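Reviewing the structure listed below.
The chain is numbered in sequence order, starting from 1. These numbers were taken from a predicted model, which means no experiment stands behind them.
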Amino acid sequence: MNTTTSTLAAFTLACSLLTPALAQNHADHASHGSAAPATAPAAAATPGAVMTAGEITRVDKRASKLTIRHEDIKNLDMPAMTMVFGLKDSTQVAQFNPGDKVRFHVQNEGGSLTITRIERAE
């Protein structure tokens, strides 16, 4: 019985230690929308660019990143989820707070998803 208890304890410990390693990396969603080019043309950042609605859940001013709970990102063929995005213009991070409703355009720039345009939602 003692061997069974030890084995079960070791298995439980191993599972608990491996869980974070197996967790999804939300920063790496470049695989979504594989039909889209790795770098979108500059015209995509124009006022006519596809905008996605979302809500900011976290602001990382040091890293100039926003965590956004967003709807489907149509130009990247990405489903709705919550994830972290970098800002192309890092000075914009000071304009936003958790809870702000926004509309934004994101592009896959060399495998990194970057917000190229963001505005408060009306």
Side-chain angles (χ1 to χ4, degrees):
M1 185 83 177
N2 194 6
T3 303
T4 303
T5 304
S6 297
T7 303
L8 183 57
F11 178 74
T12 303
L13 178 62
C15 288
S16 66
L17 293 174
L18 285 176
T19 300
L22 299 174
Q24 179 179 5
N25 179 359
H26 291 286
D28 184 21
H29 287 284
S31 63
H32 293 291
S34 57
T39 55
T46 62
V50 175
M51 301 293 278
T52 303
E55 179 180 351
I56 296 174
T57 60
R58 183 171 183 262
V59 176
D60 183 345
K61 293 186 184 203
R62 260 190 214 158
S64 297
K65 293 185 178 189
L66 300 174
T67 303
I68 302 176
R69 183 180 320 120
H70 63 80
E71 296 179 353
D72 293 350
I73 300 177
K74 294 185 181 0
N75 62 305
L76 297 178
D77 192 31
M78 184 182 295
M81 65 180 80
T82 300
M83 61 184 294
V84 178
F85 296 98
L87 288 162
K88 186 166 190 125
D89 179 1
S90 61
T91 62
Q92 291 181 310
V93 74
Q95 301 171 18
F96 298 101
N97 296 301
D100 288 348
K101 305 275 195 237
V102 294
R103 290 175 14 96
F104 65 99
H105 179 78
V106 64
Q107 291 180 195
N108 181 349
E109 297 186 345
S112 178
L113 298 180
T114 304
I115 294 175
T116 58
R117 183 170 175 222
I118 187 167
E119 60 192 35
R120 290 188 191 282
E122 297 175 8

So K101 and R120, do their side chains get closer than 4.5 Å, heavy atoms only?
no

If only atom types and distance count, is the side chain of R69 paired as donor or acceptor with the main-chain N or O of M83 below 3.5 Å?
no

Do the side chains of P98 and T57 get nearer than 4.5 Å, heavy atoms only?
no

Pairwise distance CG(L87) to CD1(I115) - rounded to 0.5 angstrom:
5.0 Å

Less than 4.0 angstrom from a charged side-chain N to a carboxylate O is my criterion; do R103 and E122 meet it?
no

D72 CG to T52 OG1 distance, which is reported to the nearest 0.5 Å:
8.5 Å

Are the side chain of N75 and the backbone of V106 linked by a donor-acceptor contact shorter than 3.5 Å?
yes

For A63 versus D60, what's the shortest heavy-atom pair and its separation?
N-OD1, 3.1 Å

Pairwise distance CD1(I73) to CE(M78) - rounded to 0.5 angstrom:
5.0 Å

I would like to know whether E109 and T114 meet side-chain contact (heavy atoms from CB on, under 4.5 Å); could you show each step before the answer?
CA-CA 7 Å; E109 297 186 345; T114 304; 3.9 Å; yes

Approximate separation, where rounding is to 0.5 Å, of I118 CD1 and H105 NE2
12.5 Å

Could you give the distance from OG1 (T116) to NZ (K88), rounded to the nearest 0.5 Å?
7.0 Å

How long is the span from the CG atom in N97 to the CG atom in L66, to the nearest 0.5 Å?
10.0 Å

Non-neighbouring partners of F104 that pass ring pair (Phe, Tyr, Trp, His ring centres under 6.0 Å), sequence neighbours left out:
F85

Quick one: does I56's side chain get under 4.5 Å of T67's, heavy atoms only?
no

